2 protein chains.
Amino acid sequence: MFEIVAEPNRRAILNLLVLSQRSVGEIERHLHLPQPAVSKHLRVLRTAGFVEATVDGQRRLYRLKPEPFQQMDAWLEPFRRFWSAHLDALELHLDRMDESPLPTAKPARRIKGGVV
Amino acid sequence: MFEIVAEPNRRAILNLLVLSQRSVGEIERHLHLPQPAVSKHLRVLRTAGFVEATVDGQRRLYRLKPEPFQQMDAWLEPFRRFWSAHLDALELHLDRMDESPLPTAKPARRIKGGVV
DNA sequence: AAGATATATGCCTTGACGGGCATATACCCA
DNA sequence: TGGGTATATGCCCGTCAAGGCATATATCTT
């Protein structure tokens, strides 16, 4: 699964497709890649379940499929626990600095919450 | 970054280290890999910033570093938006089925919320 | 049907990477 | 100091995947 996204051009294709579905020619023009390269990468992506295509005349419209991304997210989960512990430690440290502030400028520190 | 975790043995090493720090020999025994292989993979992981090591006598204790995992998580973010839209659609579909249930068993469907 | 466009596929070459093995380096202990 | 243990590194080889190019296939237009 990770071998698939390890290839930079394939990541570029995925980043394109996350915006909207595209034909092979559109991808080709956006990424300045030779057409056979695009088709080959798309085949890899299709075989791995990252994308699917529908026929539209002589074109093929490619779009993302969610499952592999969810699997990658699931794989990250244990590590997410690990690094959020690190972030908690960092926050605690910063909080302590807040309690005994140094005579320096104190810019906004709290970052908007999120998955992190 | 993804090329690093694309290698199965390296993923195994990371999965080990997420539990606790380990020496090379411990990793070697857990994964049944020849020692040079372990050292080589650890070097790749160290160079890429996935792990760091401290010296403990003749041993090196390796542990995870959070940054690359956070970067992978950040890369996933746009796709997370995409697939959660898909999940919303699925939920809506299931909700509609709830409104006009078929005469079949109806197991618990709602999954506990999370990052997804 | 003919030519043009869109996409896919096959072949070849090259480079990167992992495995295996020997060996180097560093540290410990007696 | 010598021998044993822990880890790293260098070398060779096989494999595999991506790039480049030609070409096949399908569809559109006139």
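None of the values given here were measured: they were computed from a predicted structure. Throughout, a chain's letter reflects where its sequence line sits, starting with A, and its residues are numbered from 1.
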S.K.: Just to confirm, is there a sub-4.0 Å distance from OP1 or OP2 of dA8(D) to any side-chain nitrogen or oxygen of Y62(B)?
M.R.: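 It does, given that an N or O in the side chain of Y62(B) lies less than 4.0 Å from OP1 or OP2 of dA8(D).
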S.K.: Which comes earlier along DNA chain D counting from the 5' end, the contact point of A37(A) or that of S23(B), where each point is its nearest nucleotide?
M.R.: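 Counting from the 5' end, the first nearest nucleotide belongs to S23(B).
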S.K.: Applying a 4.0 Å non-hydrogen cut-off, can you work out what E3(A) is touching in the nucleic acid: base, sugar-phosphate, or nothing?
M.R.: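 Nothing: the residue E3(A), judged by heavy atoms under 4.0 Å, touches no strand.
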S.K.: Once you measure the plane-to-plane angle for F82(B) and F69(A), does it fall in the parallel (<30°), tilted (30-60°) or perpendicular (>60°) bin?
M.R.: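 Plane angle over 60°, so perpendicular.
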S.K.: Send over the distance from R22(B) CZ to dA6(D) P, rounded to a whole Å.
M.R.: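 It works out to 16 Å between those atoms.
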S.K.: Can you measure L42(B) atom CG to dA6(D) atom P for me and round it to whole angstrom units?
M.R.: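 Spelled out: CG on L42(B) to P on dA6(D) is 16 Å.
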S.K.: Is any side-chain N or O of R10(A) closer than 4.0 Å to OP1 or OP2 of dA18(D)?
M.R.: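 Result: yes.
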S.K.: Output the rounded distance in Å from CG (L33(A)) to C1' (dA6(C)).
M.R.: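 Taking CG of L33(A) and C1' of dA6(C), I get 17 Å after rounding.
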S.K.: Could E52(A) and R46(A) be called an ion pair, given the rule that one side-chain N must be under 4.0 Å from one carboxylate O?
M.R.: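 Judged by the 4.0 Å cut-off on N to carboxylate O distance, E52(A) and R46(A) do not form a salt bridge.
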S.K.: Whole angstroms only, please: what is the CD1-C1' distance between I27(B) and dT7(D)?
M.R.: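 Rounded to the whole Å, the gap is 11 Å.
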S.K.: Does one side chain, of T54(B) or R63(B), offer a donor that lies under 3.5 Å from an acceptor on the other?
M.R.: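 There is such a pair between these side chains.
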S.K.: In whole angstrom, give the distance that lies between atom CD of E28(A) and atom P of dT5(C).
M.R.: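 Answer to the nearest Å: 13 Å.
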S.K.: Which nucleotide in the list dT7(C), dG19(D), dG10(D) gets nearest to the side chain of K40(B)?
M.R.: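 Out of dT7(C), dG19(D), dG10(D), the nucleotide with an atom closest to K40(B)'s side chain is dG10(D).
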S.K.: Before you tell me yes or no, could you show the steps for R81(A) and E77(A) under salt bridge (charged side-chain N to carboxylate O under 4.0 Å, His left out), namely the whole-Å CA-CA distance, both residues' side-chain angles and the distance that decides it to 0.1 Å?
M.R.: CA-CA 7 Å; R81(A) 289 190 225 282; E77(A) 181 56 25; 3.5 Å; yes
S.K.: What nucleotide among dG20(C), dA6(D), dT9(D) has an atom nearest to a side-chain atom of Q58(B)?
M.R.: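 So the nucleotide nearest the side chain must be dA6(D).
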S.K.: Find the distance R59(A):CZ to dT5(C):P and express it as a whole number of Å.
M.R.: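 In whole Å, dT5(C) P lies 13 Å from R59(A) CZ.
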S.K.: At under 4.0 Å between heavy atoms, what does P36(A) touch on the DNA or RNA strands: base, sugar-phosphate, or nothing?
M.R.: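 The answer is base, as P36(A) lies within the cut-off (heavy atoms under 4.0 Å) of a base atom.
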S.K.: Can a salt bridge be assigned to the pair E26(B) and R29(B) using a cut-off of 4.0 Å between side-chain N and carboxylate O?
M.R.: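 Salt bridge absent between E26(B) and R29(B).
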S.K.: Using only side-chain N and O atoms of H41(B), determine if any of them is under 4.0 Å from OP1 or OP2 of dG19(C).
M.R.: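 Answer is yes, contact under 4.0 Å.
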S.K.: Over how many whole Å does the gap from D56(A) atom CG to dA8(C) atom C1' extend?
M.R.: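 About 17 Å, once rounded to whole Å.
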S.K.: Classify the side chain of Q35(B) versus the base of dA8(D) as yes if they form a donor-acceptor pair under 3.5 Å and no if they do not.
M.R.: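 Answer yes: a donor N or O sits under 3.5 Å from an acceptor.
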S.K.: Phosphate oxygens OP1/OP2 of dT9(D): is one of them under 4.0 Å from a side-chain N or O of R43(B)?
M.R.: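 So the side-chain polar atoms of R43(B) do come within 4.0 Å of the phosphate oxygens OP1 or OP2 of dT9(D), strictly under.
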S.K.: Between dG19(D), dA8(C), dA8(D), which nucleotide has the shortest distance from any of its atoms to the side chain of E7(A)?
M.R.: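 Closest of the options to the side chain of E7(A): dG19(D).
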S.K.: Rounding to a whole Å, what distance do you find between L61(B):CG and dA26(C):C1'?
M.R.: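 These atoms are roughly 15 Å apart.
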